[in-house]
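Owing to the predicted nature of the structure, the values given are computational and were not obtained by experimental measurement.
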Amino acid sequence: MVSHDPRLADVRRKVLEKAGFEVLTARDSTDFRAECEVHKPRLVMIGYSLLPSEKRRVWAAVKEHCEVPVLELHRESGPELMSPDFSHESLAPDDFLAMVMKILSGGRGN
C-alpha cells in the first residue's frame with residue numbers, strides 16, 4: 001500500500017493481515033519502487049492522500065517493475081486516474097477484503 005496517511009494504511013493493513021496476507025507499505029513512489037523490486041507484490045493499493053502527480057509516478061513504477069493490478073482508495077469521489085479498480089476509503093472491512101480477494105483471483109473491482 002502506498003499512502004501518506006499512516007492511519008489508513010494501518011487499518012487496511014490490519015484487515016489484510018488478519019486474512020493472511022503479507023502487507024508492505026510505502027509513503028511514496030520512491031519507497032514503492034524499492035519494495036516492488038524486492039518483494040514482487042500481487043496487488044498495489046494507492047491511498048487517497050497521495051497527490052495525483054505522485055499517483056502517476058506509482059502507476060509508472062507498477063508498469064515498469066511489477067505489472068500488477070492497482071486498487072485506488074478514495075475518500076469521496078471517483079478515481080483521479082483511469083482505473084477499473086477503486087473503492088471508497090469508508091468501505092466496510094469485509095467489503096474491502098472481498099474486493100481485494102476478487103481482484104487477486106482475476107476478477108475486477110467495481
* Asked: Can you get from Leu24 to Val68 by hopping between Ile, Leu, Val, Met, Phe, Trp and Tyr side chains that sit under 4.5 Å apart?
  -> no

* Are the charged groups of Arg7 and Asp10 less than 4.0 angstrom apart, N to O? -> no

* Would Phe21 and Leu97 satisfy side chain to side chain contact (heavy atoms under 4.5 Å, CB included), going step by step from the backbone distance to the final call? -> CA-CA 10 Å; Phe21 291 101; Leu97 184 57; 3.9 Å; yes

* Can you name the closest pair of heavy atoms from Pro93 and Arg12 and give their distance? -> CA-NH1, 4.4 Å

* Heavy-atom pair with the smallest gap, counting every atom of Ala26 and Phe32 -> CB-N, 3.6 Å

* **For Cys66 against Pro41, the heavy-atom pair lying closest together** => SG-CG, 4.2 Å

* Can you tell me how far the OG atom of Ser29 sits from the NZ atom of Lys55, to the nearest 0.5 Å? -> 13.5 Å

* Asked: Does atom CD of Glu67 have more than 12 heavy-atom neighbours from other groups under 6.0 Å away?
  -> yes

* To do: Look up atom CG in Asp95 and atom NZ in Lys102, then write down how far apart they are to the nearest 0.5 Å.
  => 12.0 Å

* Any donor and acceptor pair, going by atom type alone, linking the side chain of Thr25 with main-chain N or O of Met1 inside 3.5 Å? -> no

* Is there a path of hydrophobic side-chain contacts, each under 4.5 Å between heavy atoms of I, L, V, M, F, W or Y residues, that connects Met99 with Leu104? -> yes

* **Under the side chain to side chain donor-acceptor pair (under 3.5 Å) test, residues paired with Glu35 that sit two or more places apart** => His39

* Following the transitive rule for hydrophobic clusters with a side-chain heavy-atom cut-off under 4.5 Å over Ile, Leu, Val, Met, Phe, Trp and Tyr, establish whether Phe96 and Leu43 coincide in one cluster. => yes

* Would you sort out whether Leu71 and Ile46 count as a side chain to side chain contact (heavy atoms under 4.5 Å, CB included), showing the intermediate values? => CA-CA 6 Å; Leu71 175 62; Ile46 299 176; over 6 Å; no

* Do Glu17 and Lys14 meet the salt-bridge criterion of a basic N to acidic O distance under 4.0 Å? -> no

* Test log, rule side chain to side chain contact (heavy atoms under 4.5 Å, CB included), inputs Glu54 and Trp59 -> CA-CA 9 Å; Glu54 187 63 19; Trp59 274 80; over 6 Å; no

* Asked: Any donor and acceptor pair, going by atom type alone, linking the side chain of His4 with main-chain N or O of Arg27 inside 3.5 Å?
  -> yes

* Under a 4.5 Å cut-off applied to non-hydrogen side-chain atoms, are His65 and Lys40 in contact? -> no

* **Pair Val44-Val62, side chain to side chain contact (heavy atoms under 4.5 Å, CB included): steps then yes or no** => CA-CA 8 Å; Val44 173; Val62 168; 3.9 Å; yes

* Asked: Is there a chain of hydrophobic side chains (I, L, V, M, F, W, Y, each step under 4.5 Å between heavy atoms) that links Met101 to Met45?
  -> yes

